[in-house]
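One structure is given here, and the rest of the page talks about it.
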Amino acid sequence: EYIKELRDISYLENRLENILGIKKVKLVNGAVPAGDLKAEIGRMASQLLQQEIKNGDILAVTGGTTLAQVAAEMTYSAESRDVTVVPGRGGLGEDVEIQANTIAAEIAKKLGGSYHLLHIPDNMAEENIYHITKEPTIKKTLEILKRANILIHGVGTAKDMAGRRGMDEKEINDLLNAGAVGEAFGFYFNSRGEIIYSTTSVGLNLDDLQAINKVIVVAGGENKAEAIISAVSPKYQDILITDEITARKIISLK
Ligand code: G3H
């Protein structure tokens, strides 16, 4: 029975790799209470990170509740490592517990590495962004970020992310009416995978992902199926970690 289950999972993983066109899909068992799903995904992602990270690596991370679970599930490394962790983008309007800065610092501590942060206010006026990127500490973090060779990020539904980050009702409706279904680090995608809105901030642009050696995306829950389809592409990500139930939902939508 156990063997059969494993076979089913690897079959599903393969199907999803083909459908999304990405190199690797890893699935956790989706038959767990909703609250545990993120922890399961977090555990799998943290194990993957701990295996993959080598001395000299620069790891970029985003925020969100799933990434917070990745950080929480990581175990402390026995010795310190020459690894630098940086947030992938500046302020996006999240609560401090799930901001990329907080998660970068926690992951760095667990890995026994160092971190550099981006202390950028949320919703900055476009004209001020240029000036803030010239501030020495911000400039330094951004330079390190440009050399990141691993990125791990989450994906959310456009509706949830817009609401959580304090857009008002009209803005949310406009965004959804424009076709936004998914979100990843401040970029909102329509079902064809086109960016239709981006939160003003600093840090990675989507195009930068192509230069990053390994991009890992973590997102689970059936309600994220459309969002995952919109934000995941072989152009950007290498590895998707999700769950079985979400995988089946994605397959049914494609
Ligand atoms: O950018 C994507 C979202 O941060 C995902 O957030 O992990 O809390 O669903 P979540």
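Start at 1 and go down the list; that is how both ligands and their atoms are numbered. Along the sequence shown, residues are numbered consecutively beginning with 1.
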Non-hydrogen atom of [X] closer than 4.0 Å to ligand 1:
X: Arg164; result: yes
X: Thr62; result: no
X: Arg165; result: yes

Charged N to carboxylate O below 4.0 Å: is that the case for [X] and [Y]?
X: Glu143; Y: Arg147; result: no
X: Asp238; Y: Lys23; result: yes
X: Arg165; Y: Glu94; result: yes

Exactly one of Ile229, Val217, Leu240 clears side chain to side chain contact (heavy atoms under 4.5 Å, CB included) with Val155, and that residue is Val217
- Are side-chain N/O atoms of Asn149 and Asp57 paired as donor and acceptor at under 3.5 Å? yes
[atom]: the protein heavy-atom neighbour that sits closest, reported with distance to 0.1 Å:
atom: atom 7 (O) of ligand 1; result: Thr66 OG1, 2.6 Å
atom: atom 10 (P) of ligand 1; result: Thr65 OG1, 3.3 Å
atom: atom 3 (C) of ligand 1; result: Met161 SD, 3.5 Å

query: Which part of Ile98 is near ligand 1, with near meaning a heavy atom under 4.0 Å away: side chain, backbone, both or neither?
result: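 No part of Ile98 is near ligand 1 at this cut-off.
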Does any N/O atom on Lys224 come nearer than 3.5 Å to any N/O atom on ligand 1?
yes
In ligand 1, the atoms that come under 4.0 Å of a heavy atom of Phe185 are 1 (O)
Hydrophobic cluster mates of Ile195, side-chain heavy atoms under 4.5 angstrom, ILVMFWY only, any path?
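Taking Ile, Leu, Val, Met, Phe, Trp and Tyr as members, Ile195 shares its hydrophobic cluster with Ile58, Val86, Leu118, Ile120, Met124, Ile129, Ile132, Ile138, Leu142, Ile144, Leu145, Leu151, Phe185, Phe187, Phe189, Val202, Leu204, Leu206, Leu209, Ile212, Val215, Tyr236.
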Using the rule given for salt bridge (Lys or Arg N to Asp or Glu O under 4.0 Å), can you reason through Glu40 versus Arg43, listing the C-alpha separation, both sets of side-chain angles and the distance that settles it, and then say yes or no? CA-CA 5 Å; Glu40 290 293 323; Arg43 189 167 318 130; 3.4 Å; yes
Closest to atom 1 (O) of ligand 1 by heavy-atom distance, out of Gln99, Glu94, Gln69, Glu183, is Glu183
